[in-house]
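Hydrogens, waters and symmetry mates play no part in the numbers below; they use all other heavy atoms, side chains included. The residues of the chain are indexed from 1 along the displayed sequence. Worth saying up front: this structure is predicted, and the values here are computed from it rather than measured.
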Amino acid sequence: MTRFIFQVKYWNTAIKSIAAKSARFARTHFADQDGTSNVPTPSIEIYLTYQLARAHRRLHADLEARLQAEKISVEQWRVLEILADRAGRSMGSLAEQVLMNHPALTKLADRMVASGLIHRVADPDDQRRVLVHITDRGLAIHARLRPIADAHGRRIEETFGASKAAALRALLEDLADGHEALTRS
């Protein structure tokens with residue numbers, strides 16, 4: 001019950017803060033079209049999709065720079081992170097988990113196979129399917145990358161604080177999970 005009360009108080013405070021920031025944002029990001037009209041022209045910054053893409057681009061570039069010490073891209077790291085459990089995945093399942101379309105993942109997988117990070121095998125239950133597995137070399141590189149990725153995540157959480165980071169994670173999960181409902185509308 002105490003946790004629920006804390007969450008309600010936190011969300012009330014967060015909502016008030018968001019409302020104040022939204023009002024300031026609207027005042028600073030809307031301009032007259034021609035200087036004489038009262039019809040506002042929105043700046044691109046008012047679009048949530050733009051702000052999400054902007055944040056993604058900055059965070060992605062920062063992680064990419066940190067992973068380059070191992071000459072690994074963020075997408076390659078995602079593949080290694082998913083496959084590190086040694087369970088193996090179909091290309092379709094892996095594409096969904098690493099947030100890539102199938103053709104792009106196929107090209108990436110080809111490069112990773114050539115580098116000895118992953119390998120493909122026929123699915124023993126369905127010879128038409130191919131399963132992707134991490135190699136011992138891939139596991140060794142993953143072990144070196146894990147602390148880099150963890151430190152990157154901790155820096156983000158430290159910047160915003162644990163409660164805001166948790167709230168953001170929950171909001172983004174809700175947004176991603178709610179996307180199906182949005183596309184039906």
Query raised in the report: Any ion pair linking Arg66 and Asp62 (charged N to carboxylate O, less than 4.0 Å)?
Result: yes
Query raised in the report: Would you say Glu64 has more than 12 foreign heavy atoms packed within less than 6.0 Å of its CD?
Result: yes
Query raised in the report: Does the side chain to side chain contact (heavy atoms under 4.5 Å, CB included) test come out yes or no for Ile148 and Trp77, once each step is laid out?
Result: CA-CA 11 Å; Ile148 295 168; Trp77 165 74; over 6 Å; no
Requested in this report: For the pair Gln127 (side chain) and Asp123 (backbone), establish whether a donor and an acceptor sit closer than 3.5 Å, ignoring hydrogens and angles.
Outcome: yes
Report task. Return yes if some donor-acceptor pair links the side-chain N/O of Thr135 with the main-chain N/O of Leu117 below 3.5 Å, else return no. Result -> yes
Query - Joint cluster assignment, Leu131 & Val113, ILVMFWY side-chain distance < 4.5 Å - result: no
Query raised in the report: Nearest 0.5 Å, what's the CG-CD1 distance between Leu145 and Ile141?
Result: 7.0 Å
Report task. Find the distance between CZ (Arg78) and CG (Leu108) and round it off to the nearest 0.5 Å. Result -> 10.5 Å
Query raised in the report: Is Leu172 linked to Leu48 within one hydrophobic cluster, defined over Ile, Leu, Val, Met, Phe, Trp and Tyr using a side-chain heavy-atom separation of less than 4.5 Å?
Result: yes
Query raised in the report: Could you give the distance from NE2 (His60) to CZ (Arg57), rounded to the nearest 0.5 Å?
Result: 10.0 Å
Report summary line: Exactly one candidate in Gln68, His152, Arg58 meets side-chain contact (heavy atoms from CB on, under 4.5 Å) with Leu63; the answer is His152
**Report entry** Residues Arg169, Glu157; criterion side chain to side chain contact (heavy atoms under 4.5 Å, CB included); working and verdict
**Finding:** CA-CA 10 Å; Arg169 186 175 289 111; Glu157 290 201 19; 2.7 Å; yes
Query raised in the report: In terms of hydrophobic clustering (I, L, V, M, F, W, Y; side-chain heavy atoms under 4.5 Å; direct or indirect links), are Val74 and Ile156 co-clustered?
Result: no
**Report entry** Between CE on residue Met112 and CD1 on residue Ile118, distance to nearest 0.5 Å
**Finding:** 5.0 Å
Query raised in the report: Do any N or O atoms from the side chain of Arg137 and from the backbone of Ser115 form a donor-acceptor pair under 3.5 angstrom?
Result: yes
Requested in this report: Could you tell me whether Lys107 and Glu75 have a side-chain N and a carboxylate O separated by less than 4.0 Å?
Outcome: no
Query raised in the report: Which value, rounded to the nearest 0.5 Å, describes the distance between Leu67 atom CG and Ile72 atom CD1?
Result: 8.0 Å
Report task. Tell me whether Phe160 is reachable from Leu171 by hopping between hydrophobic residues (I, L, V, M, F, W, Y) whose side-chain heavy atoms are closer than 4.5 Å. Result -> no
Query raised in the report: Going through the checks in order, is the side chain to side chain contact (heavy atoms under 4.5 Å, CB included) test met by Thr106 and Asp110?
Result: CA-CA 6 Å; Thr106 298; Asp110 290 343; 4.2 Å; yes
Query raised in the report: Out of Gln76, Gln97, His142, which one pairs with Glu81 under the side chain to side chain donor-acceptor pair (under 3.5 Å) rule?
Result: His142
Report summary line: Taken to the nearest 0.5 Å, the spacing of His133 NE2 from Arg120 CZ works out to 12.0 Å
Requested in this report: Answer yes if Met100 and Ile82 sit in the same cluster of Ile, Leu, Val, Met, Phe, Trp and Tyr residues linked by side chain heavy atoms under 4.5 Å apart, and no otherwise.
Outcome: yes
